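Just so you know, these numbers come straight off a predicted model, no measurement behind them. Letters go in sequence order (proteins before strands), and every chain restarts at 1.
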Amino acid sequence: MDTREPLIVIVGQTASGKTSLAIKLAQILDGEIICADSRTIYKGMDLGTAKPAKEEQAGIPHHMLDVVEPSERYTVVDFQREANRLISDITNRGKVPIMVGGTGLYIDAVIFDYKFTPQNSTARNPINPRHLLTDSSSQRDTTLRPNTLVLGIQLEREVLQKRIAERVDHMISQGFIEEVRELGQKYGWQVSAMQAPGYRAFREYIEGSISLEEAKAIFVKNDLSLAKRQRTWFRRNKSIQWTNSVDEAVDFATTLMSEKQ
RNA sequence: GCAGGGUUAGUGAAGCGGUCAAACACGGCAGACUGUAAAUCUGUUGGCUCAGCCUUCGGGGGUUCGAAUCCCUCACCCUGCA
């Protein structure tokens, strides 16, 4: 059955330019953006997560930003439920839902309709305690949700590295260090939200054990290793249409939408 | 100028006659991932015609069955005395 709402998804590594492509598509297709990002859902974590500021949003509605406090627990299941609700809601209002983000698990939960085991399941993988043991019935399902276009942006490592380094400088000029200091005081350093690349790197700088230059270098390094994991995650997804051209992305998107008319 | 210390794979750093292609850390590469995922975890990392072979431990020359490890010498770096 071909009854699912059309959905456009944009994935890519951190700093690859997902946000600007999403806004461009939203303007052309009259869309609204759903952010699939495990860190921008936190209130107050703005600069360090490269959360699009109001001005950058260019009047396009952005959903799933500032949903919970950094101290609160938030999981894929929460995201999946809310994202599906939003997709219906946006479609019902005559707009096009565009889901964009770098959190592979969040994206896959929606586009592959993951079925999660009950919360009371406590069996853990002995090698990696953060993973829940899965039973054989919940093997990875790679059947893409109908009416879904998944666009992927891929940059060369050198280009990405340069963009990340420049972004760090920009964040700092915008007041990133103050943001880290305030969040650290308010929520403590132990909350998992604060384990994100930039916050983790600048904690030591704020506590005085490393220099500014060292902190920046660690931030870049952390972002690069995140980017590496994101690349690995997305590579195995055969449903992704890779592109690095905005025009091409627009073509793919308009084709999908016209097929649905 | 004299005395002493140093020079090891991408980087830092062990090794101090054989079991060394060389510990360990970082970086690199590859992978996993279904209610913490910007997190967490795994493998790999000199070359090759890859269960074996070849070339590496600042350069050159020796000693030895055998050297990254000992000796001589050259180069560069650091420290003490002049």
Side-chain angles (χ1 to χ4, degrees), chain A residues 11-16 18-19 35-42 44-51 64-65 68-84 100-143 145 156-158 160-161 164 167-168 171 176 179-180 183 187 189-203 210 214 217-237:
Chain A
V11 302
Q13 296 163 287
T14 189
S16 60
K18 299 184 293 292
T19 301
C35 298
D37 188 304
S38 72
R39 298 297 129 145
T40 58
I41 54 160
Y42 293 117
M45 295 179 68
D46 304 330
L47 268 11
T49 59
K51 184 185 292 175
M64 302 303 273
L65 252 27
V68 294
E69 299 283 325
S71 53
E72 291 180 77
R73 177 183 163 85
Y74 194 86
T75 75
V76 217
V77 174
D78 299 311
F79 176 82
Q80 185 191 42
R81 184 186 310 120
E82 195 54 19
N84 280 138
V100 37
T103 303
L105 180 62
Y106 285 13
I107 301 278
D108 287 0
V110 173
I111 68 174
F112 295 132
D113 280 322
Y114 276 7
K115 304 287 185 290
F116 292 95
T117 50
Q119 194 167 8
N120 56 24
S121 167
T122 52
R124 297 268 164 182
N125 182 325
I127 296 168
N128 187 352
R130 297 285 273 261
H131 290 166
L132 239 58
L133 238 34
T134 58
D135 53 51
S136 52
S137 65
S138 63
Q139 286 300 305
R140 184 162 61 251
D141 185 357
T142 54
T143 308
R145 172 191 185 284
E156 283 175 31
R157 188 193 142 74
E158 290 67 35
L160 194 71
Q161 178 157 13
I164 287 172
R167 192 170 72 168
V168 170
M171 287 172 177
F176 171 61
E179 175 177 302
V180 182
L183 288 169
Y187 301 103
W189 302 104
Q190 304 315 315
V191 299
S192 75
M194 293 298 281
Q195 302 312 307
Y199 302 92
R200 183 156 38 104
F202 272 77
R203 173 193 176 172
I210 61 174
E214 287 172 314
I218 294 170
F219 191 164
V220 173
K221 188 200 75 179
N222 289 349
D223 258 358
L224 245 21
S225 73
L226 160 64
K228 174 69 184 72
R229 278 175 273 130
Q230 290 175 313
R231 196 194 322 151
T232 299
W233 183 286
F234 293 128
R235 264 181 189 171
R236 75 177 176 193
N237 184 343

Counting Watson-Crick and G-U wobble pairs only, both distances under 3.5 Å, name the nucleotide matched with [N], or none.
| N | value |
| --- | --- |
| B/U19 | none |
| B/U49 | none |
| B/U69 | none |
| B/A25 | B/U11 |
| B/C76 | B/G6 |
| B/C81 | B/G1 |
| B/U40 | B/A32 |

Expressed as a whole number of Å, how far does the [atom1] atom of [N] sit from that of [M]?
| N | M | atom1 | result |
| --- | --- | --- | --- |
| B/G18 | B/A68 | C1' | 13 Å |
| B/U8 | B/C2 | P | 26 Å |
| B/U56 | B/A21 | P | 13 Å |
| B/A32 | B/G66 | P | 50 Å |
| B/G58 | B/G10 | P | 13 Å |
| B/G62 | B/A67 | P | 13 Å |
| B/C70 | B/G1 | C1' | 28 Å |
| B/C50 | B/C33 | C1' | 32 Å |

Whole-Å distance between [N] [atom2] and [X] [atom1]?
| X | N | atom1 | atom2 | answer |
| --- | --- | --- | --- | --- |
| A/Arg200 | B/U40 | CZ | C1' | 11 Å |
| A/Leu105 | B/U40 | CG | C1' | 12 Å |
| A/Glu69 | B/U36 | CD | P | 20 Å |
| A/Asp108 | B/A32 | CG | P | 12 Å |
| A/Leu226 | B/U40 | CG | P | 11 Å |
| A/Asp223 | B/G27 | CG | P | 14 Å |
| A/Gln161 | B/G27 | CD | P | 13 Å |
| A/Glu214 | B/U11 | CD | P | 20 Å |

task = Could you please spell out the steps behind the side chain to side chain contact (heavy atoms under 4.5 Å, CB included) verdict for A/Trp233 and A/Leu105?
result = CA-CA 9 Å; A/Trp233 183 286; A/Leu105 180 62; 4.0 Å; yes

key: Stepwise side chain to side chain contact (heavy atoms under 4.5 Å, CB included) check, A/Tyr42 with A/Lys51   = CA-CA 10 Å; A/Tyr42 293 117; A/Lys51 184 185 292 175; 5.8 Å; no

May I ask you to evaluate whether [X] reaches the phosphate of [N], defined as a side-chain N or O under 4.0 Å from OP1 or OP2?
| X | N | result |
| --- | --- | --- |
| A/Tyr74 | B/U36 | no |
| A/Arg39 | B/A37 | yes |
| A/Thr232 | B/G31 | yes |
| A/Arg157 | B/G28 | yes |
| A/Arg231 | B/A30 | yes |
| A/Lys228 | B/G28 | no |
| A/Arg229 | B/C41 | no |

Flag, side chain of [X] to backbone of [Y], donor-acceptor distance under 3.5 Å:
| X | Y | value |
| --- | --- | --- |
| A/Tyr199 | A/Ala193 | no |
| A/Arg145 | A/Ile111 | no |
| A/Asp78 | A/Thr75 | yes |
| A/Glu82 | A/Met64 | no |

Would you classify [X] as touching base, sugar-phosphate or nothing, given that sugar-phosphate means primed atoms plus P, OP1 and OP2, and contacts are heavy atoms under 4.0 Å?
| X | value |
| --- | --- |
| A/Gly48 | base |
| A/Tyr106 | sugar-phosphate |
| A/Ser225 | nothing |

query = On RNA chain B, nearest-nucleotide positions of A/Leu224 versus A/Thr14: which is more 5'?
reply =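 The residue mapped nearer the 5' terminus is A/Leu224.
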
message = Go nucleotide by nucleotide along RNA chain B from the 5' end; which of A/Ala193 and A/Asp78 gets its closest nucleotide reached first?
response =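 Comparing both residues, the 5'-ward one is A/Asp78.
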
Side chain to side chain contact (heavy atoms under 4.5 Å, CB included) assessment of A/Val168 paired with A/Phe176 = CA-CA 9 Å; A/Val168 170; A/Phe176 171 61; over 6 Å; no

inquiry  = What's the closest nucleotide to the side chain of A/Lys221 if the choices are B/C26, B/C33, B/U36?
reply    =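 The answer is B/C26.
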
key: Options B/G27, B/C33, B/G35, nucleotide nearest the side-chain atoms of A/Arg236   = B/C33

request  = Return the orientation label for the A/Tyr106 and A/Phe79 ring planes: parallel under 30°, perpendicular over 60°, tilted otherwise.
outcome  = parallel

